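Comments concern the structure below.
Letters go in sequence order (proteins before strands), and every chain restarts at 1. Fair warning: this is a prediction, and the values are worked out from it, not measured in the lab.
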Amino acid sequence: MDCKRKVLNKRMGPAILIFLALLLLPLTAKGESKIIKMATTTSTENSGLLDVLIPEFTRETGIQVKVFAKGTGAALRDGMEGNVDVIFVHAKSREAVFVAQGYGAYRLDVMHNDFVIIGPAADPGKIEGMRDAAGAFRKIAAAKVKFISRGDDSGTHIKEQAIWKASGEALKTEATVIIKKSKKHALSFVYPVGLGKRYISIGQGMGKALTFAEEKQAYTLTDRGTFFKYKYGRKLGLNLEILCEGDPRLFNPYGVIPVSPKKHPHVKFASADRLAKWLVSTQAQALIGQYKIAGRQAFFPDAEPVAE
Amino acid sequence: MTFLTDSFLSAILLIWTLNHDLLVIVGVSLKMSSISTFAAGLLGVPSGFLIAFSEFRGKRLVITLLNTLLALPTVVVGLFVYAFISRRGIFGTYDLLYTQKAIIIGQIILIVPIITTFTISAVSRIDDRYRKAALTLGANLMQTARVIIREARFAIMAAIVMAFGRVIAEVGISMMLGGNAKGFTRTMTTAMALEYDKGEFVLSVALGIVLLCVSFGVNVFCNYFQGRSRL
């Protein structure tokens, strides 16, 4: 037994050395240049549009873009802290504040899509064909059906809370008090009380909310692009249908904002600026207009023509 | 620095005011982790014994495989279980996905290898003379096993505490199989991931501090338990 152990130990020495050497390997990789970081929303990323736009931009300018998909709240936060060079989100009022506070250099309208309310094809809540989003939410609350909420402070979640407010359902505000800059600060979110356990707040991205709704045969609010991607862009598409659409309240504009070099001198403003201007160029706008998911237009170019 | 002090003060505030959401989250976390650790212990400790005491062809291969499974990423377990229990999977009709049961199943798979491997090593380290002496003195297999367990109890307990630590700290399985549904499957780690996603770092770190406190409590409890068993 002892003898065996010694042999083992002798063999172990080199093995450990090789193992440690392997651990060091990644450090030898070369540093790269001309890469910018972009924070965007999960709905932009999940829809697949960026997979068309970004490679084209890189081919043309040689600038590579690292994309970080998060909720709008986190994307804005990344911009405020200078973790990224440009943000591409959809919460117009908060974007305006972001620029006004000096974190963003400027904001350009890029495109819009719209939100739709989806649910199981059988439609137990009987909202099919409705235009009025708030009315549809009231019916969902009245019927014994489940509703999935993003619950992650994203643009979609903010929109959902606004529609619940408009619906006139009894709402409850839940606040968690934390300390921020040595002062008490409440984080709150609003949800309809009437649904009780049928209101499921999952705190995850759009794609996850869709699969969650599919699993639970529930209703949810989603942007059209991501929904198409998940329904028609896959072999095993979602078994959910668009049941309510067309309400002006469901309009969803996207904007691009380069992070201001005045707040964060280290950001790669020149490249970010180029990306922002490129997104509103005739060429990129055409790409956005042509982008189709299973033969359906998902985004509508919004940009005012800009002189290049 | 304010960021850290803010987080720390927020953690204290959350605990002090017995924040309702926090209590639910901590409760779910503890419940999931305890059930899965208990079940994995029931599976892992006996299998560890069996593997350690029996001689069979491929024993080394089994041990090597188990050691490999120690590095099992939670995401892989999540994907694997997901494929089985999603609506389109074999067990789709049971409506398991995004429930607490799903988390427990995943976590058991994650930590059975840990408990088994460490039981094997704990038991193998016990001097073989104990076993032989017990057998010579007329002990049957169960009684012999009890002697060995008495000798190996600290190491086995350590394995279980470690397994508990692994499940209470994991995020992949809870997120993929539990779905982070508020009040049902939101655990401390998925709550932290969510607050990070929202950009609320202070709350996220505060939750992290609470998690560490809870783990500390559990370890103090286990220590006390071990100390008593020594008497």
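- We find the OG1-CD distance between A/Thr176 and B/Glu195 to be 7.5 Å, quoted to the nearest 0.5 Å.
- Interface remark: of the candidates B/Ala11, B/Ser86, B/Ala206, B/Gly183, B/Ser86 forms the most heavy-atom pairs closer than 4.5 Å to chain A.
- Your options are B/Val202, B/Leu14, B/Thr17, and the one with the most heavy-atom pairs under 4.5 Å with chain A is B/Val202.
- By the 4.5 Å heavy-atom criterion applied to side chains, A/Glu174 and B/His20 are not counted as neighbours.
- Not one N or O on the side chain of A/Arg77 forms a donor-acceptor pair closer than 3.5 Å with the backbone of B/Asp197.
- For NZ of A/Lys37, the number of neighbouring non-hydrogen atoms (other residues, nucleotides, ligands) closer than 6.0 Å is 12 at most.
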task = Starting from the C-alpha separation in whole Å, work towards a yes-or-no answer on side chain to side chain contact (heavy atoms under 4.5 Å, CB included) for B/Leu13 and A/Ile178.
result = CA-CA 7 Å; B/Leu13 195 69; A/Ile178 58 166; 6.0 Å; no
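- Taken to the nearest 0.5 Å, the CZ atom of B/Phe8 stands 12.0 Å off from the CD1 atom of A/Ile179.
- Sparse packing is recorded around NZ of B/Lys101, with 12 or fewer heavy atoms of other residues, nucleotides or ligands lying under 6.0 Å away.
- The local environment of NZ in B/Lys59 is crowded, with over 12 non-hydrogen atoms from other residues, nucleotides or ligands closer than 6.0 Å.
- The environment of B/Tyr196 atom OH is sparse: at most 12 non-hydrogen atoms of other residues, nucleotides or ligands sit within 6.0 angstrom.
- The backbone N or O of B/Lys182 lies less than 3.5 Å from no partner atom in the side chain of A/Ser201, so there is not a single donor-acceptor pair.
- Rounded to the nearest 0.5 angstrom, A/Asn239 CG and B/Arg87 CZ are separated by 9.0 Å.
- With a 4.5 Å cut-off on non-hydrogen atoms, A/Thr211 touches chain B through its backbone and its side chain both.
- If you measure heavy-atom distances from B/Phe184 to chain A, the contacts under 4.5 Å come from the side chain alone.
- Shown here is B/Tyr94, whose OH atom has no more than 12 heavy atoms of other residues, nucleotides or ligands within 6.0 Å.
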ask   = Checking salt bridge (charged side-chain N to carboxylate O under 4.0 Å, His left out) for the pair B/Arg88/A/Glu215: CA distance, chi angles, key distance, verdict?
value = CA-CA 9 Å; B/Arg88 292 200 171 102; A/Glu215 283 295 328; over 6 Å; no
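- Taking every heavy atom of both residues into account, A/Ile200 and B/Ala181 meet most closely at CG2-CB, 3.5 Å.
- Between chain B and the residues A/Glu214, A/Lys70, A/Gln204, the most heavy-atom pairs under 4.5 angstrom are made by A/Gln204.
- Of the residues considered (B/Gly92, B/Gly179, B/Ser7), B/Gly179 shows the highest number of contacts with chain A, using heavy-atom pairs under 4.5 Å.
- Open room surrounds CZ on B/Phe216; 12 or fewer heavy atoms of other groups in view lie less than 6.0 Å from it.
- Around the OH atom of B/Tyr130, the shell of radius 6.0 Å holds no more than 12 heavy atoms that belong to other residues, nucleotides or ligands.
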task = Give the intermediate values and the outcome of side chain to side chain contact (heavy atoms under 4.5 Å, CB included) for residues A/Lys208 and B/Asn180.
result = CA-CA 10 Å; A/Lys208 269 314 198 38; B/Asn180 190 27; over 6 Å; no
